[in-house]
Amino acid sequence: MNYQELANLIFPEAKPISYYEEKYPERNLKEGAIVTRFAPSPTGFVHIGGLYQSLIAKKLAQQTGGVFFLRIEDTDQKREIDNGITEIVESLKFFDIQADEGMISETESKGNYAPYKQSQRKEIYQAYAKYLIEQGKAYPCFCTPEEIEEIRAKQETAKIRHGYYGIWAKCRNYTLEEMAEKIKNNEDYIIRFKSPGREDRKIKHHDIIKGNIDFPENDQDIVIIKADGLPTYHFAHAVDDHLMKTTHVIRGDEWLSSVPLHLQLFHELGFKAPKYAHIAPIMKNDNGNKRKLSKRKDLEAAVSYYEEEGIPEVAVKEYLLNIANSNFENWRRANQDKPIDEFELQLSKMSVSGALFDMVKLLDIGKTVISRMTAQEVYEKALVWAKKHDEELVKMLEQDKQYSLKVLGIERGNKKPRKDISKWSELKENIAYLYDEQFYEQPQQYPYQVIQDKEEIEKILTLYLEKYYNEKDDKQTWFDNIKELAGQMGYSKEVKEFKENPGKYKAHVGDVSTVLRVALTGRTNTPDMYEIMQIFGKERIAKRFEKAMKQ
Ligand code: GLU
């Protein structure tokens, strides 16, 4: 019995690897172009950390004229759920991080390196496992789960490293004949890699993010093909990223410690290893303890949360770029009108340790992003969100589109646009008082400030409408008129005058303005009152004042 015969016995059907090597040729890309991927498991949950990784991977591919693809890692079929792939594809689409190649639905893919779903690549992995067996670099292992547990228990008692290595790698030592015999006797087995490594030797590795690291060599005979015929993550990673021509593996840093194993696998398979960039996870401050954002504990860990809250996609991406490269913030300030695609992301500038997730900052970016939109854009985006999450807002926005555009256009499109909405779920509350239906339906509070006297308020409102308000006035005239009104009623026309000579006036023009504002809107804080009055028109102003006076 020789290796070749053993390999044929185990994988009689497998094709020679030359078949796949020819089927998947080198990519025809320009010098310096990099190939990256996002390789999630279809668990039905897309973590913000996954979005972060794919944003970075996509951007780097895009910047260099390379390729970004989506590979579905579904070899752990216990963890899978229905529509798990759709969820991932839709999330990437929502954030406009679409892959150039890979899965595009539960069953379909695009691109020349298909299949992009690992469960459909079984024969490929088996071909490469067979190749390793032929070289004497992999072998069948007949240990039962009980035997593996026994080894673990012994290692535990002896306080030594766990795993299947060295003297513990029992099945390594069977003769080829013994192996064949067991297979013919229908004993269950899996395939293990025969590691050539030694723990007392070091390897040097350069990670693009983490820098130079020395690791002990891998000496574990890890499982490469499981009992169900599917590969483990490690083996699939080596085979897939080789065949799909990945140049840069950008992944979570929980995989950093597997690098020695992965490099060894690439080497033993005769593949050129990719470059690695291990990204630190996004962290959360939990009562003074820094921990990873958790799927179980933190709503904001799920990508779906941002859509539900209506935080603009671009804001989420800008925030993630902020975490990725701290110079992004300066770039953004200097290039306010440029799309983020123009920012040059650098892997080497990424932080070695995990950044703290900062919702306040994200929402602040949300405000800036929304402030830069036109009324039309706000209208459209808010409507898309509302159609999924808030029927009442849909009604408000659609009832009179032109009016809504005016409302959303208040203090917009100028040099210092309003910055009071960070997410679509805040919009209704923010603008409801500008819609008569909402305004008259709700019991109204009138939080007057300095001027509280009912009669005085009535006088101000009446006189204003009778004598000082004119729809056609420009802003300056409008404001001058309020000053006149103030003056006529014994208030100072300038705040300064009042401060210099408080005994001389009842209060100042600002206090008079506040009366108008509160009567008009029920609020002390609103965007520009001139614009509000403009979109209301005299009749509606009068009606609102009447209601205020009846209160
Ligand atoms: N399926 C692995 C994960 O979700 C992929 C890691 C990688 O990018 O290689 O963690």
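The basis for the numbers below is simple: all heavy atoms, side chains too, and nothing from hydrogens, waters or symmetry mates. Just so you know, ligand 1 is whichever comes first in the structure, and atom 1 is the first atom listed for that ligand.
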Legend entry - Under 3.5 Å: N/O of V249 near N/O of ligand 1: no
Inset, instruction - Would you tell me whether E21 and S18 have side-chain atoms, one donor and one acceptor, within less than 3.5 Å of each other? - result: no
Inset, instruction - Consider only side-chain N and O atoms of S422 and E426, and report whether a donor and an acceptor are under 3.5 Å apart. - result: yes
Legend entry - Gap between atom CD1 of I97 and atom CG of L320 - 0.5 Å precision: 7.5 Å
Inset, instruction - Using a strict 4.0 Å cut-off to heavy atoms of R251, name the atoms of ligand 1 that fall inside it. - result: 7 (C), 8 (O), 9 (O)
Inset, instruction - Kindly identify the option in F38, Y276, Y233 whose heavy atom sits closest to atom 9 (O) of ligand 1. - result: Y233
Legend entry - Which residue and heavy atom of the protein sit nearest atom 4 (O) of ligand 1, plus the separation: A39 O, 3.6 Å
Legend entry - Side chains of K284 and N289, donor plus acceptor under 3.5 Å: no
Legend entry - For atom 10 (O) of ligand 1, closest protein heavy-atom neighbour: W255 NE1, 3.2 Å
Legend entry - Within-shell test, G252 vs ligand 1, heavy atom, strictly < 4.0 Å: no
Legend entry - Cation-aromatic face contact K137/F193, 6.0 Å, 45 degrees: no
Legend entry - A114: partners by side chain to side chain contact (heavy atoms under 4.5 Å, CB included), with sequence neighbours left out: S109, Y116
Legend entry - Short N or O distance, E73 and ligand 1, threshold 3.5 Å exclusive: yes
Legend entry - Region of R37 that comes within reach of ligand 1 [heavy atoms, distance under 4.0 Å]: side chain
